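Each remark here refers to the structure printed beneath this line.
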Amino acid sequence: MQLSKEEVLQRANEQCKNTLMETLNIEIVDFGEDFLVAKMPVDSRVHQPDGVLHGGATAALAESVGSFASHIFVDSEKFFVRGIEITANHLKGIREGNVYAKATFIHKGRTTQLLDIRVTDDEDNLISVCKLSTISLPKNK
């Protein structure tokens, strides 16, 4: 049975229930052969005290979308994925609207993966550039 793109996105977002992704209202909104896109609303819940998007919330968005991308591109019956390092360069502040994180693979190895994650706003302005390293480890049976 071939699932539609909408069905795949619905199933992906169902996996986010009762997680940090749900707490931050992060939603998977698009995917392709080598990328995944998530959206997060920018409001007071993700602001730092002076009313702009918190860098930690941006990093959480980036790690969430990058780890999720690695997870769906490995055999999740045999492996689990963990983030092992993230870097984030914040280039522009934002007070409201949405941010979108697009994770694309730089390296898709059997054990380690490296992803480039670009965070943009509703007008496609670059907000942050992140890099995430993940590791795929075998599940114990």
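Positions are given from 1, in the same order as the sequence printed here. Bear in mind the structure is a predicted one, so any value in this text is a computation, not a measurement.
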Looking only at non-hydrogen atoms, find the nearest pair between Lys17 and Glu22 and report the distance. CD-OE2, 3.5 Å
Kindly check if the number of other-residue, nucleotide or ligand heavy atoms within 6.0 Å of CD (Glu7) is above 12? yes
Hits for side chain to side chain donor-acceptor pair (under 3.5 Å) against Arg45, two or more places apart or cross-chain, chain-then-number order -> Asp43
Test Ser136 against every option in Gln113, His71, Lys108, Arg82 by the side-chain hydrogen bond (donor to acceptor under 3.5 Å, both in side chains) rule and name the one that passes. Gln113
Strictly by side-chain hydrogen bond (donor to acceptor under 3.5 Å, both in side chains), give each pair with a member in residues 29-38 just once, sequence neighbours left out. Lys5-Asp30
The reported gap from CD in Glu27 to CE in Met40 (rounded to nearest 0.5 angstrom) is 13.0 Å
Donor-acceptor pair, distance only, cut-off 3.5 Å: does the side chain of Arg95 make one with the backbone of Gly51? yes
Rounded to the nearest 0.5 Å, what separates atom CG in Leu91 from atom CG in Asn125? 11.0 Å
Under 4.5 Å between side-chain heavy atoms, chaining through other members, with only Ile, Leu, Val, Met, Phe, Trp and Tyr counted: pull out the rest of the cluster around Phe80, sorted by chain and number. Ile84, Ile135, Leu137
Verify same cluster id: Ile26, Phe31 (apolar side-chain graph, 4.5 Å): yes
Quick check against the 3.5 Å criterion: does Asp116 have a side-chain atom that pairs as donor or acceptor with the backbone of Thr104? no
What's the shortest heavy-atom distance between Leu115 and Ala103, and which atoms? CD2-CB, 4.0 Å
Are the side chains of Ile28 and Gln15 in contact, using a 4.5 Å heavy-atom criterion? no
Here the pair of heavy atoms bringing Ala101 nearest to Leu61 is CB-CG, 3.7 Å
Can you hop from Phe105 to Ile86 via hydrophobic side chains spaced under 4.5 Å? yes
Side chain to side chain contact (heavy atoms under 4.5 Å, CB included) between Arg118 and Val129, intermediate numbers included: CA-CA 5 Å; Arg118 304 288 168 142; Val129 176; 3.8 Å; yes
Specify the closest pair of heavy atoms between Val81 and Ser67, including all atoms of both residues, with the distance to one decimal. CG1-O, 4.1 Å
For the OG1 atom of Thr134 and the CD atom of Glu63, what is their distance to the nearest 0.5 Å? 9.5 Å
Which heavy atom of Leu36 sits nearest a heavy atom of Ala69, and at what distance? CD2-N, 3.5 Å
Is it true that Val42 and Tyr100 fall in one hydrophobic cluster, defined by side-chain heavy atoms closer than 4.5 Å? no
How long is the straight-line distance from CD1 of Ile72 back to CZ of Arg11, given to the nearest 0.5 Å? 13.5 Å
Worked verdict on Leu53 versus His90 for side chain to side chain contact (heavy atoms under 4.5 Å, CB included): CA-CA 10 Å; Leu53 177 61; His90 307 298; over 6 Å; no
Co-membership, hydrophobic cluster, residues Leu114 and Val37, 4.5 Å side-chain: no
Between Ser133 and Thr112, is the side chain to side chain contact (heavy atoms under 4.5 Å, CB included) condition met? List the steps. CA-CA 7 Å; Ser133 299; Thr112 60; over 6 Å; no
Output for pair (Phe68 CZ, Met21 CE), nearest 0.5 Å, gives 6.0 Å
Do Glu6 and Gln10 have a side chain donor and acceptor closer than 3.5 Å? no
Quick one: does any side-chain atom of Asp122 pair with a main-chain N or O of Asn98 as donor and acceptor, under 3.5 Å? yes
Assigning hydrophobic clusters by single linkage (Ile, Leu, Val, Met, Phe, Trp, Tyr; side-chain heavy-atom cutoff under 4.5 Å), is Val46 placed with Val99? yes
